[in-house]
S.K.: 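First the structure, which I've put down as structure tokens, then a few questions once you've had a look.
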Amino acid sequence: MGPVANFLHRVLELVSEKVGGAEGTKLDEDFKEMEKKVDVTSKAVTEVLARTIEYLQPNPASRAKLTMLNTVSKIRGQVKSPGYPQSEGLLGECMLRHGKELGGESNFGDALLDAGESMKRLAEVKDSLDIEVKQNFIDPLQNLCDKDLKEIQHHLKKLEGRRLDFDYKKKRQGRIPDEELRQALEKFEESKEVAETSMHNLLETDIEQVSQLSALVDAQLDYHRQAVQILDELADKLKRRMRDASSRPKREYKPKPREPFDLGEPEQSNGGFPCATAPKITPSSSFRSSDKPIRTPSRSMPPLDQPSCKALYDFEPENAGELGFHEGDVITLTNQIDENWYEGMLHGQSGFFPLSYVEVLVPLPQ
């Protein structure tokens, strides 16, 4: 039977169920309850996954890289960092750079060096947290979505098709061979049993998700313990520096003796410095109230037959992967990361930017 014939056959089944005199086959209450629990589980796993990745990396550029991180290569030791900078590491590099510029004679410079090293250590601990959570929490839940839950949806869809087929043939009983009706019933019952088994196995093994949630909490605890230790050590260093500085005698400022300066004979009324001649204001160079400021040429706009948006304000990128733009720029939309961030292209550059800074001209296809 070809695809068109299959489609027409399904339409006839649905019409027969809606307007036929006999009532369609009903699934038992236990089955419906099980199906409802699986649906709630699927929604919970999907949203928890998204929020966990957002919790680990609020920056959408880093969030996208975390999603693409190959955990297998990380476990094997082939990669030593997630592939994106941590905010703690960026802060540490900033502190180290300015601490070196201030030099060893500056109390503030030395303190910045101490703090910068600690921030770099915090970034390494944060890397470990991201990788542990990805390996032991995000990946198992993602596998649950991609495999078990998807498989259950396949079985339920197949069951619905066989239920419609059985009901259609049941209403034609007496006009079709009994063997054909019996085979339709057997297929329906077989699909129902397979769907029930898959849903039962998922719900009965949900302790695995509890284990994965426990792994998430363990990784967080380990991260916070190490972070507390690093920050305690830094706090002690800074307090020692404050005590040492307060115990040292303060150096008094002694101004250098001024050298005598002979002004000589006054030649100008302003103390010897020549005055610049004020430029003459001609009618062509004077400002008039009727003059209007010169407008810069309008920015080039991409054709509006593709997804695009217009910048309402200037946006200065603060993180790697973000796309900067000016008010009035028209940006080509390529993807929507979440409800707050878009991905787009401008002048050949691709990056992420907040939705609140733009007005969508042509929306992305659904």
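The figures that follow rest on heavy atoms only: side chains count, while hydrogens, waters and symmetry mates do not.
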S.K.: Determine whether Phe353 and Cys309 satisfy the following criterion, side chain to side chain contact (heavy atoms under 4.5 Å, CB included), listing intermediate values before the conclusion.
M.R.: CA-CA 11 Å; Phe353 55 90; Cys309 63; 3.9 Å; yes

S.K.: Between Leu312 and Glu327, which heavy-atom pair has the shortest distance, and what is it?
M.R.: O-CG, 3.4 Å

S.K.: For the backbone of Asp167 and the side chain of Thr25, can you confirm whether one donor and one acceptor N or O come within less than 3.5 Å of each other?
M.R.: no

S.K.: How about Lys157 and His154: do any of their side-chain heavy atoms sit closer than 4.5 Å?
M.R.: no

S.K.: Does the side chain of Arg162 reach to within under 4.5 Å of the side chain of Glu190, using non-hydrogen atoms?
M.R.: yes

S.K.: Does Asp244, at its CG atom, have more than 12 non-hydrogen atoms belonging to other residues, nucleotides or ligands within less than 6.0 Å?
M.R.: yes

S.K.: Would you tell me whether Glu322 and Asn319 have side-chain atoms, one donor and one acceptor, within less than 3.5 Å of each other?
M.R.: yes

S.K.: Take Leu238 and Leu234 through the test side chain to side chain contact (heavy atoms under 4.5 Å, CB included) and record every step on the way to the result.
M.R.: CA-CA 6 Å; Leu238 297 179; Leu234 174 60; 4.1 Å; yes

S.K.: Do Tyr168 and Ile176 have side chains that get closer than 4.5 Å, going by heavy atoms?
M.R.: no

S.K.: Would you give the length of the straight line joining atom CD of Glu208 to atom CG of Leu141, rounded to the nearest 0.5 angstrom?
M.R.: 11.0 Å

S.K.: Between the side chain of Asp165 and the main-chain N/O of Gly161, is any donor-acceptor distance below 3.5 Å?
M.R.: no

S.K.: Strictly by modelled atom types, are Glu179 and Gln183 linked by a side-chain donor-acceptor pair under 3.5 Å?
M.R.: yes

S.K.: Under 3.5 Å, side chain of Ser214 to main-chain N/O of Val210, donor-acceptor pair present?
M.R.: no

S.K.: Would one find more than 12 heavy atoms of other residues, nucleotides or ligands at under 6.0 Å from atom NZ of Lys32?
M.R.: yes

S.K.: ring-ring contact (aromatic ring centres under 6.0 Å, His included) between Tyr357 and Phe315: does it pass, once the steps are laid out?
M.R.: CA-CA 7 Å; Tyr357 277 66; Phe315 176 64; 5.2 Å; yes

S.K.: Quick one: are Val133 and Tyr55 in side-chain contact, heavy atoms under 4.5 Å?
M.R.: no

S.K.: What distance do Met199 atom CE and Gln153 atom CD have between them, rounded to the nearest 0.5 Å?
M.R.: 9.5 Å

S.K.: Just by distance, do the side chain of Asn335 and the backbone of Ile337 share a donor-acceptor pair under 3.5 Å?
M.R.: no

S.K.: Distance from Glu196 atom CD to Phe31 atom CZ, nearest 0.5 Å?
M.R.: 5.5 Å

S.K.: Report yes if the side chains of Leu355 and Glu339 come closer than 4.5 Å at any heavy-atom pair, otherwise no.
M.R.: no

S.K.: Any sub-3.5 Å donor-acceptor pair from Lys237's side-chain atoms to Ala111's backbone N or O?
M.R.: no

S.K.: Are Leu361 and Met345 linked, directly or through intermediate hydrophobic residues, by side-chain heavy-atom contacts shorter than 4.5 Å (ILVMFWY only)?
M.R.: no

S.K.: Going by side-chain hydrogen bond (donor to acceptor under 3.5 Å, both in side chains), Arg121 matches just one of Glu233, Glu88, Gln226. Which one?
M.R.: Glu233

S.K.: Show, in sequence, the C-alpha distance, side-chain angles and deciding distance for Ile138 and Leu56, and conclude whether the side chain to side chain contact (heavy atoms under 4.5 Å, CB included) test is met.
M.R.: CA-CA 11 Å; Ile138 293 175; Leu56 290 176; 4.0 Å; yes

S.K.: CG of Leu202 to NZ of Lys37: how many Å apart, nearest 0.5 Å?
M.R.: 11.5 Å

S.K.: Look up atom CG in Leu112 and atom CG in Leu96, then write down how far apart they are to the nearest 0.5 Å.
M.R.: 8.5 Å

S.K.: For Ala115 and Met95, work out which heavy atoms get closest and say how close.
M.R.: CB-SD, 3.6 Å

S.K.: Check whether any side-chain heavy atom of Glu160 lies under 4.5 Å from a side-chain heavy atom of Leu156, and answer yes or no.
M.R.: no

S.K.: Looking at Ile207, is its backbone amide N or carbonyl O close enough to the side chain of Ser211 to form a donor-acceptor pair, meaning the two atoms are under 3.5 Å apart?
M.R.: no

S.K.: Should Asp110 and Arg241 be marked as a salt bridge (Lys or Arg N to Asp or Glu O under 4.0 Å) after you check the CA-CA gap, both sets of side-chain angles, and the distance that decides it?
M.R.: CA-CA 9 Å; Asp110 287 339; Arg241 288 194 180 280; 3.8 Å; yes

S.K.: Shortest non-hydrogen contact from Leu90 to Pro85?
M.R.: CD2-CB, 4.0 Å

S.K.: Would you compute the distance between atom CZ of Phe188 and atom CG of Leu159 and round it to the nearest 0.5 angstrom?
M.R.: 5.5 Å

S.K.: Determine the minimum heavy-atom distance between Ile152 and Val38, stating which atoms define it.
M.R.: CG2-CG1, 4.0 Å

